[in-house]
Protein chains: 2
Amino acid sequence: MDAAISVADEQGIGSLSMRMLAKTLGFGVMSLYNHVKDKDDLLDGMVNTVAAEIELPDGQATWKDGLRACMISAYRVMLSHRWLSSVWGRSPGPSKNGYHEVILRLMREAKFPEELACRGFHALTMHVTGFALQVMEMPFSNKAEFVALGNKSLNELDELEFPYLREHIHFHLEGKDQRSDFKYMLDLILDGLERDFADARKRITR
Amino acid sequence: MDAAISVADEQGIGSLSMRMLAKTLGFGVMSLYNHVKDKDDLLDGMVNTVAAEIELPDGQATWKDGLRACMISAYRVMLSHRWLSSVWGRSPGPSKNGYHEVILRLMREAKFPEELACRGFHALTMHVTGFALQVMEMPFSNKAEFVALGNKSLNELDELEFPYLREHIHFHLEGKDQRSDFKYMLDLILDGLERDFADARKRITR
DNA sequence: ACCTGAACACCGTTCAAGT
DNA sequence: ACCTGAACACCGTTCAAGT
């Protein structure tokens with residue numbers, strides 16, 4: 001399990017085959033099937049193991065701080081295991097359930113109505129894994145590759161047809177993009193939930 | 001190209017192999033390589049072809065309406081080609097560039113400052129493809145499978161350990177979730193951009 | 001309970017050969 | 001310019017055989 005995770009971390013999930021994993025461990029291929037039902041089963045186990053790395057907030061935190069910290073931690077875990085987001089959606093294991101339970105608990109114990117908690121749950125989890133998926137999916141993995149790709153695109157893009165796209169690429173190449181879009185959108189969601197929550201409370205008290 | 005797209009649409013991108021595509025077309029496998037450099041090249045072409053299905057707003061639309069319509073159309077296209085979001089991130093072709101250009105143009109011609117347009121661009125595109133990726137990645141594809149999985153999860157989840165997660169699953173199984181989280185978050189982003197834009201204008205006029 | 005190699009049914013792609 | 005089959009180096013998994 002741990003071996004599979006380090007292979008995926010270092011070589012990418014694409015290079016993780018049963019055959020090479022067995023070789024790494026010094027066994028025949030078929031020995032793996034004594035510890036794992038399937039390759040699917042292996043992947044489920046890997047997800048469950050690294051999902052445990054997500055830091056869950058303690059009982060004291062307010063719903064907003066707690067959620068914020070929790071989502072940032074989940075996002076960090078996804079960035080540190082670059083294969084994780086692409087297999088995150090498979091059948092839930094105990095650590096993923098624990099993470100989901102905490103998100104819902106923070107909202108429900110703060111007296112969010114069930115419907116708003118549901119919406120918040122999906123908005124937040126979709127944001128984290130969707131954003132991570134999208135970042136992982138980008139066709140470069142370091143600054144140099146990024147610059148190379150940017151310049152290549154600039155050469156290919158017609159100045160008259162794509163003026164704003166060219167401007168946008170220049171903007172990035174000049175390093176003027178110094179804020180985190182992940183946190184910007186996270187706060188957008190949290191602030192939106194806060195407003196909806198306030199509205200819901202008013203409606204009840206009235 | 002069209003054949004590859006219909007195979008992927010009907011059987012999933014996982015079943016799209018060069019060998020079976022060739023068989024579907026009634027040729028030998030290697031004939032494909034006269035029309036396409038690679039399997040990568042094939043996928044790039046497929047993305048470019050369906051990206052052209054995204055409806056771009058005409059010149060009259062306000063930035064907000066135009067962006068909203070454009071993002072909803074893009075999301076619809078991703079839902080109708082269930083393999084699309086997973087390969088969307090590969091090297092950009094002309095129709096994807098056109099889509100990106102329109103997004104940037106709507107904001108820049110409405111006098112968004114460059115930085116805010118950049119942020120908006122990423123917030124919106126990440127939302128669309130991230131959300132689509134996450135939806136596609138879910139381990140069910142119809143109501144029946146969803147209900148089966150929900151009930152299975154309820155059986156496995158301990159009542160004391162995961163009370164809120166169980167409540168959440170019940171909420172879905174009872175069909176109380178009738179709004180679109182996609183549009184909810186889309187409007188969250190658009191409203192956020194509108195506020196930031198108003199702030200930026202105030203700062204300049206002052 | 002754990003390990004194993006041979007075998008099966010698949011991949012994408014190279015290469016030399018044809019029209 | 002277009003098509004082709006054989007071959008190569010890979011997959012995940014089944015099966016029968018070992019300890």
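It should be emphasised that the depicted structure is a prediction, and the values quoted were computed from it without experimental measurement.
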Point-to-point distance, once rounded to the nearest 0.5 Å, from CD of E114(B) to NE2 of H170(A):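 Rounded to the nearest 0.5 Å, the CD-NE2 separation comes to 10.0 Å.
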Name all residues meeting the side chain to side chain contact (heavy atoms under 4.5 Å, CB included) criterion together with D44(B); count only those two or more places apart in sequence or in a different chain, and write none if there are none.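 Applying side chain to side chain contact (heavy atoms under 4.5 Å, CB included) to D44(B) gives R90(B), S91(B).
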Mind listing the closest non-hydrogen atom pair of [X] and [Y] along with its distance?
X	Y	value
I189(A)	M185(B)	CD1-CE, 3.6 Å
K39(B)	S17(B)	NZ-CA, 4.3 Å
M126(B)	V135(A)	CE-CG2, 4.2 Å

With sequence neighbours left out, write down each residue that passes ring pair (Phe, Tyr, Trp, His ring centres under 6.0 Å) with Y75(B), or none if nothing qualifies.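 Listed in chain order: F131(B), F182(B).
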Expressed as a whole number of Å, how far does the P atom of dC2(C) sit from that of dA17(D)?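 Pairwise P distance, dC2(C) against dA17(D), rounds to 22 Å.
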Taking only Lys NZ, Arg NE, NH1 and NH2, and the carboxylate oxygens of Asp or Glu, determine whether [X] and [Y] approach each other closer than 4.0 Å.
X	Y	result
D158(B)	R166(B)	no
E194(B)	K64(B)	yes
D187(A)	R68(A)	yes

Scan residues 23-39 of chain A against DNA chain C and write down, sorted by residue number, each residue with any heavy atom closer than 4.0 Å; if none is found, say none.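 Within residues 23-39 of chain A, the residues near DNA chain C are F27(A), G28(A), M30(A), S31(A), N34(A), H35(A).
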Counting only non-hydrogen atoms, which of residues 10-17 of chain A are less than 4.0 Å from DNA chain C?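 The stretch gives none, as no residue of it lies under 4.0 Å from the strand.
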With heavy atoms of chain A within less than 4.0 Å as the criterion, where does contact along DNA chain C begin and end?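 Contacts span dC2(C) to dA7(C), reading 5' to 3'.
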Per the ring-ring contact (aromatic ring centres under 6.0 Å, His included) rule, what does the pair list look like for residues 103-122 of chain A, sequence neighbours excluded?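 Listed by first then second residue: W63(A)-F112(A), H100(A)-F121(A), F112(A)-F197(A), F121(A)-H168(B), H122(A)-H168(B), H122(A)-H172(B).
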Suppose we define a pair by two distances each less than 3.5 Å, Watson-Crick or G-U wobble; what does dC15(C) pair with here?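 Here dC15(C) is engaged in a pair, and the nucleotide opposite it is dG5(D).
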